[in-house]
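Nothing here was measured: the structure is a model prediction, and the numbers come from that model.
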Amino acid sequence: MTPHLAVSSHPAHHLLDAPPHRRRRRRRLCPPRAARASPSSSSLRCCAAAATASAVPQPPRAAEPAARTRVFVVSDLHTDYQENMDWVRRLAVGVGPPDAGGVNALVVAGDVAETRDNFARTMGALRDQFDAVFYVPGNHDLWLRREDGRYMDSLEKLNALLDACSELGVDTGPKTIGDLGIIPLFSWYHKSFDKEKDLTSVRVPSLEMACKDFHACKWPAELGSDDEALALYFDQLNDKYNDAIEEVKKNSKQILTFSHFVPRQELCPEKRMLYYPNLPKVIGSDYLERRLRAIHNNAEGGAACHVFGHTHFCWDSMIDGIRYVQAPLAYPRERKRRMNGGEGWLPFCVYRDGFNPEIYPAIWSDYYNKNKREPENTQLAPWVAKYFRKYY
């Protein structure tokens, strides 16, 4: 999700791009098979090993043991952009086939495409390339503006997308893959999710102006976007899976939950860091955090992970015993100017017969892993102050 305000075409003036420092380069956690075989591969743009291989002799590396189960994660595919659809169609080349007798699974954390037809094409292409594909809906998936009146409202479209998943063999409910339980969680955002101090030193555009959801989605009258009713409705969609969730927990050594929306405000930069300071009001759900905590309540160290999307901020951090990961493909213009290795590290391999133990370097989670959050500080970051001086 990106606020949709008219901004300069200059790369520095995107509402969400505000890096606090340059990202350190480290070896990716689970490079695709092709990258391991060819150090010159473009998929190794994030790898220190690739950058130094020609200059420093490297000792021979022991072959990695065969993996029975590999789980890759990605969000915000936005395949209405042709570049993104092209990326989806060549994905299997980068990921490589599973090891003999193994399974490659993909978790897609929402915002696949704006139209039902493009959604089906995208998920069909992914299903052809992976042994298992999991999905939860994002806000863009439920937009109606390009559906030519096909659906009465966004709930009817949601049911159509779930039906398409069923036809394609895409999982939208809990399931165990190897020793890993994978649990999709339906969610929607609510304004009261934002608990931090608002900025009053600048004029911030309204949510209705900044966020197209208020115009591109349509809901029944009893589910207004101005309160928690919509977030509660989506959270309660998970109740029908309660028995299946308990069964998955019983048969799994580790659990991965995933959603499109953000479960904690700490997983978004502070308002003073954002070109759109009201972004936290349209990104997350307290119901979601309570539900995933209930699922992971008995998890031992390193056995719990939650994947999310929506904000297009790459993220990897541990908070109160749960690892939170965001691995967005995002928009082509964002990839071209982000300091996150572009698209070569995606989809992110978070599980290889166990969660990868190393925290992956990402700009904002790296920043908050080292710096205390200061929500009471309303002094604009320099790049934000410059933006508002220029445009407002």
Hey, are the side chains of [X] and [Y] touching, using non-hydrogen atoms and a 4.5 Å cut-off?
X	Y	result
P375	K197	no
D171	Y135	no
C314	S365	no
S75	L329	no
T200	T378	no
I177	F134	yes

Side-chain ([X]) to main-chain ([Y]) donor-acceptor, under 3.5 angstrom:
X	Y	result
D141	V112	yes
D235	A231	no
Y276	P205	yes
N369	S317	no
D316	I359	no
D227	A229	yes
H260	D76	no
N84	A330	yes

Are more than 12 heavy atoms, taken from residues, nucleotides or ligands other than [X], located less than 6.0 Å from that residue's [atom1] atom?
X	atom1	value
K191	NZ	yes
K195	NZ	yes
R127	CZ	yes
D243	CG	no
Q379	CD	no
K249	NZ	yes

Determine whether the side chains of [X] and [Y] contain a donor N or O and an acceptor N or O closer than 3.5 Å.
X	Y	result
N139	H310	yes
E247	N251	yes
H306	S259	yes

Hey, quick one: are [X] and [Y] part of the same hydrophobic cluster, counting side-chain heavy atoms closer than 4.5 Å, chains of contacts allowed?
X	Y	answer
V282	L144	no
V350	I319	yes
L232	Y241	no
V136	Y324	yes
Y151	M123	no

Which heavy atom of [X] sits nearest to which heavy atom of [Y], and what is that distance?
X	Y	result
D80	E114	OD2-N, 2.7 Å
A120	L168	O-CD1, 3.8 Å
P97	N104	C-ND2, 3.7 Å
H296	T257	NE2-OG1, 3.0 Å
C268	W315	N-CH2, 3.8 Å
A303	K253	CB-O, 4.1 Å

Ionic contact status for [Y] with [X], cut-off 4.0 Å:
X	Y	answer
R335	E83	no
R150	E156	no
K157	D163	no
R291	D239	yes
D194	K271	yes
R264	D320	yes
D353	R70	no
E289	R293	yes
E270	R373	no

Give, for atom [atom1] of [X] and atom [atom2] of [Y], the distance between the pair rounded to the nearest 0.5 Å.
X	Y	atom1	atom2	answer
M85	R121	CE	CZ	6.0 Å
I182	S252	CD1	OG	9.0 Å
T115	H140	OG1	NE2	13.0 Å
E147	M152	CD	CE	14.5 Å
I255	T176	CD1	OG1	7.0 Å
L142	L161	CG	CG	6.5 Å

**Study point:** Reference residue F348; test side-chain contact (heavy atoms from CB on, under 4.5 Å); the match among V74, V73, V107
**Key:**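 Passing option: V73.
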Point to revise | Qualifying residue, where the test is side-chain contact (heavy atoms from CB on, under 4.5 Å) with T122 and the options are D117, V88, V108 | key: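 Result for side-chain contact (heavy atoms from CB on, under 4.5 Å) with T122: V88.
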Exercise for review: List the steps and the verdict of side chain to side chain donor-acceptor pair (under 3.5 Å) for D86 and Q82.
Suggested key: CA-CA 6 Å; D86 292 342; Q82 187 60 47; 2.8 Å; yes
Ring centers of [X], [Y] separated by less than 6.0 Å:
X	Y	answer
Y233	F186	no
Y331	H312	yes
F193	Y189	no
F308	F258	no
W188	F261	yes

Review point. Residues two or more places apart in sequence or in another chain: which of them pass ring pair (Phe, Tyr, Trp, His ring centres under 6.0 Å) with Y287?
Key: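 Result, ring pair (Phe, Tyr, Trp, His ring centres under 6.0 Å) vs Y287: H190.
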Review point. What orientation do W364 and Y367 show, parallel under 30°, tilted 30 to 60°, or perpendicular over 60°?
Key: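 Because their plane-to-plane angle is over 60°, the rings of W364 and Y367 count as perpendicular.
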